[in-house]
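Below is one structure; the comments refer to it alone.
Residue numbers run from 1 in the order of the sequence given.
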Amino acid sequence: MPAIESRLHAASESFQAHRAGMLALLAEVRSHEARSAAASNASAERFARRGQLLPRERLALLLDTGAPFLPLASLAGLGHDNDDLGKSVPGGGVIAGIGRVSGVRCMVSASDSGIDAGALQPMGLDKQLRMQEIALENKLPYVQLVESAGANLMQYRVQDFVRGGGIFRNLARLSAAGLPVVTVTHGSSTAGGAYQTGLSDYIVMVRDRTRAFLAGPPLLKAATGEIATEEELGGAVMHTHISGLGDYLAEDDRDAIRIARSILGSIDWARDQAPRKFATPLYDADELLGIMPGDGRRPVDMREVIARIADGSEFLEFSERYGSATVCGHMRLEGHAVGVITNNGPIDSDGATKATHFIQACCQSRTPIVYLQNITGYMVGRAHEEAGIIKHGAKMIQAVTSATVPQITLHCGASYGAGNYGMCGRGFAPRFCFSWPNARTAVMGGEQAAQTMAIVMEAGMARKGSVDREKIDAMQRQIVERFDRQMSVFTTSALLLDDGVIDPRDTRAVLAEVLAVCRDADARVPQAMQFSVARP
C-alpha cells in the first residue's frame, strides 16, 4: 500500500498552539481521574486496620504483571455528584476495564469501596451495564471484585432500582452464553446486591470479611424479631460450609485474588494469539497532539491522523476523487486489516454513496471498520436537497446500522448533527467508542443554534410589531453557553456517551487492543447453555 506523505509542520506556531491546547485538556482529564484515586486511597489506614487491600491494590494483584490494561469510563458521573468539576469524584464507584488474568483477556469490574463503602455513585449503574454489554458482545469472561454498600439510599431513585435489575439479568446472560463469571466478595454484598455474588459461576469469599445476606441484622430484627450477628447471617464460613453460596474460602484479600487467578488459569480458554509482524508508523505519535485545532470549524486533513496510527503509515484510499470530503480506505494496524472512514469536510451525496459502498465491501471481506470522527454534519442547501442528500444519507445510516463487522468509533474532533449518526456515533452501537480530550458532540454548533433561534424569535417579534434586540442577544448568549457546556467531552464522557477519553498518543495502542478483542470474539465459540450455571 502507498505511504502517506505528511505535510504537517510540527515547528509551526499553529501546531504548537494546538499541541498546548490538547495537553491542557489532557491534564484536566488526568486531574479528574487522579481525584477519584486519591479519594479512594484516603481510606488506606482504615483498610489496613481491617487487614484489607485497597481496591486498586486488589486490581493490580489480579491483573497479569506487564500486560496491557484498558481502563473504561473513568469519567463516568463527572459533575453529577458536585456541580464544581474540580471537586467532583468521577468513576461511578466502579473501577473497570479490559485486562488479562492468568493470560485470559477479561472484563474486570471492582467496587471502589474506598469511597462511601463502595456504594454506587451517579452513573455507576449505567457504567456497570455498559461493561456487561461489552463483555457479552465481545465474549469476555467477567471478573468482579465486590465490596459494596449497594445503592446510595440518600440519592434513591425508583428508576435506578428497577433498571438495576439489568445488572443481575446480565450476569445470568453472561453465564448462559458460556462466559465464566468469577466473583471475589471482599466485603459486603447485601440486599439486592447479594445477587451480584449469587449469580456467579465461581465465588471466592474472605474469612471474617465477606458479608452476603438479603437482610442485615438491623433489618432482620425489625422485620422478624430474630437476632443474629453478621457472621452468623452471611459470613464466609457459613456460606462455604453450610449454605453453599461460596465455593472457595480465602484467608485474606491476597489469598482471594490468588484463588481467582487460579480459577482463570485452570479453565480451558484460548490465550492471546501469537503477535503479528507489523511496521511502525513513519511519523511520531506525539504529533497527534498538534493536529486538531481548538476551533472545530477549521479544516483538518484527517490523513495526518491516519499517517500516525497506520502500519508503515500506509493507506490505500478508496475512490479518492469521488465524494472527496469523505475519506475511505484500507490500512493495517499492528497487523490487523482495517477499513477507515473519516471526514475532511461535511458529507455530501457522493460522500454518503461512497461510504455506503465501502461499508458493504468491508462486510463482504469481513474487515472491521474504524470511524475517525471530525464531522460538522451532512451538506445542506437547495442544490444538495435536489441531489438527494436525505436519501443518500439515509442509505449510509442503513449501512452503518446493518454492518456485520465490528465497528469502532473515535471522536477526534467535532461530531455534529446527523454526521454523528452516519459516522457510527454511540446511538448506533459501535463495539467501542472513545474520545480525544478536545472532542465536541452536539446536534449543531452553539453559534448555529443561537443564530437559528434568533431568526425564529426575531420573526415572531416582527409579526407582533416590535423587535427587542437586547432580548434576542441575551437568548443567543444563553444558548451558546448551554451548547458549549454540553458538547464538551467532560459532559459527554460523564454521561457514558463514550467508553473513555484517551490520550491521542495512545490511539494506536488502544485501537490495536480493541481490534484484538473483536478478532478473538468473532473467532471464539463459547459453550452456550439454555440456562446460566446455578448454585448448588
Closest heavy-atom pair and its distance - Ala44, Leu54 | CB-CD1, 3.7 Å

Aromatic ring centroids of His392 and Tyr378 under 6.0 Å?
-> no

Axial cation check for Phe278 ring with Arg276, 6.0 Å and 45° limits = no

Side chain to side chain contact (heavy atoms under 4.5 Å, CB included) partners for Tyr195, two or more places apart = Phe168, Leu199, Leu214

Does Arg524 CZ have over 12 foreign heavy atoms under 6.0 Å away?
-> yes

Quick check: are there more than 12 heavy atoms from other residues, nucleotides or ligands sitting under 6.0 Å from CZ of Phe490?
-> yes

Side-chain atoms of residues 175-184: list all donor-acceptor pairs with protein atoms under 3.5 Å, sequence neighbours left out, distances to 0.1 Å.
from   : atom 1 : to     : atom 2 : distance (Å)
Ser175 : OG     : Asp201 : OD1    : 2.7
Ser175 : OG     : Val533 : N      : 2.8
Thr183 : OG1    : Gln144 : NE2    : 2.8
Thr183 : OG1    : Ser200 : OG     : 2.6

Is a side-chain N or O of Lys139 found less than 3.5 angstrom from the main chain of Val525, in a donor-acceptor match?
-> no

Is it true that a side-chain atom of Ser43 and a backbone atom of Arg46 form a donor plus acceptor pair closer than 3.5 Å?
-> no

Which heavy atom in Leu63 sits nearest to a heavy atom in Val108, and how many Å separate them?
-> CD2-CG2, 4.1 Å

Listing, residues 414-422 side-chain donor-acceptor contacts under 3.5 Å, not counting sequence neighbours, or none:
from   : atom 1 : to     : atom 2 : distance (Å)
Ser415 : OG     : Gln373 : OE1    : 2.5
Ser415 : OG     : Asn420 : ND2    : 2.8

Heavy-atom closest pair, residues Thr185 and Thr210 = O-OG1, 2.5 Å

Output yes when a side-chain donor or acceptor of Arg426 lies under 3.5 Å from a complementary backbone atom of Asp498, and no otherwise.
-> yes

Atom of Ser36, atom of Pro90 and distance for their closest heavy-atom approach = OG-O, 2.9 Å

For Asn374 and Cys412, indicate whether the former's side chain and the latter's backbone hold a donor-acceptor pair under 3.5 Å.
-> no

Side chain to side chain contact (heavy atoms under 4.5 Å, CB included) filter on Glu251, not counting sequence neighbours, yields Arg207, Asp255

Crowded around Arg519 CZ? As in, over 12 foreign heavy atoms under 6.0 Å?
-> yes

Partners passing side chain to side chain contact (heavy atoms under 4.5 Å, CB included) against Arg100 (at least two apart in sequence or in another chain) | Asp64, Ala67, Pro68, Arg105, Asp272, Glu513

Could you list the residues that satisfy salt bridge (Lys or Arg N to Asp or Glu O under 4.0 Å) with Asp112, not counting sequence neighbours?
-> Arg56

So Thr240 and Tyr248, side-chain contact (heavy atoms from CB on, under 4.5 Å) or not? Walk me through it.
-> CA-CA 7 Å; Thr240 54; Tyr248 304 91; over 6 Å; no

With a 6.0 Å cut-off on ring centres, are Phe318 and His357 close enough?
-> yes

Sequence neighbours left out, what pairs pass salt bridge (Lys or Arg N to Asp or Glu O under 4.0 Å) with at least one residue falling in residues 161-172?
-> Asp126-Arg163, Asp160-Arg163

Mind checking salt bridge (Lys or Arg N to Asp or Glu O under 4.0 Å) for Asp116 and listing every partner two or more places apart, or none if nothing turns up?
-> none

Side-chain donor-acceptor pairs under 3.5 Å in residues 69-81, sequence neighbours left out?
from  : atom 1 : to    : atom 2 : distance (Å)
Ser74 : OG     : Glu33 : OE2    : 2.6
Asp81 : OD1    : Ser88 : OG     : 2.5
Asp81 : OD2    : Val89 : N      : 3.0

For the residue pair Ala399 and Thr356, what are the closest heavy atoms and their distance?
-> CB-CG2, 4.0 Å

Are Arg58 and Ile257 close enough, and set up right, to give a side-chain contact (heavy atoms from CB on, under 4.5 Å), and what steps lead you there?
-> CA-CA 7 Å; Arg58 295 167 183 168; Ile257 298 294; 4.3 Å; yes

Review item, side-chain donor-acceptor pairs of residues 220-227, under 3.5 Å, at least two apart:
from   : atom 1 : to     : atom 2 : distance (Å)
Thr224 : OG1    : Leu220 : O      : 2.9
Thr224 : OG1    : Glu226 : N      : 3.2

So which heavy atom on Thr409 is nearest to which on Cys424, and how close?
-> OG1-O, 2.6 Å

All N/O donor-acceptor pairs, side-chain side in residues 186-193, below 3.5 Å, sequence neighbours left out:
from   : atom 1 : to     : atom 2 : distance (Å)
His186 : ND1    : Asp253 : OD1    : 2.9
Ser189 : OG     : Gly193 : O      : 3.0
Ser189 : OG     : Thr197 : OG1    : 2.9

Mark yes or no for whether Asp252, through its side chain, and Arg254, through its backbone, hold a donor-acceptor pair below 3.5 Å.
-> yes

Establish, yes or no, whether a centroid distance under 6.0 Å links the rings of His411 and Tyr371.
-> no

Around Gln364, counting heavy atoms of other residues, nucleotides and ligands shown, do more than 12 lie under 6.0 Å from its CD?
-> no

For the side chain of Lys127 and the backbone of Gly91, is there at least one donor-acceptor N/O pair under 3.5 Å apart?
-> yes

Looking only at atom types and distance, does a side-chain atom of Gln128 sit under 3.5 Å from a main-chain N or O of Leu125, one as donor and one as acceptor?
-> no

Assess the side chains of Gln52 and Glu147: does a donor N or O sit below 3.5 Å from an acceptor N or O?
-> yes

Evaluate the side-chain contact (heavy atoms from CB on, under 4.5 Å) criterion for residues Cys106 and Ile98: first the C-alpha distance (whole Å), next the side-chain angles of each, then the deciding distance (0.1 Å), finally the verdict.
-> CA-CA 6 Å; Cys106 303; Ile98 297 173; over 6 Å; no

Just jot down the salt bridge (Lys or Arg N to Asp or Glu O under 4.0 Å) partners of Arg332, sequence neighbours excluded, or say none.
-> none

Salt-bridge test for Asp311 and Arg508: reply yes if a basic N is under 4.0 Å from a carboxylate O, no otherwise.
-> yes

Run the numbers on Phe358 and Thr326 for side-chain contact (heavy atoms from CB on, under 4.5 Å), then give the verdict.
-> CA-CA 11 Å; Phe358 185 71; Thr326 302; over 6 Å; no

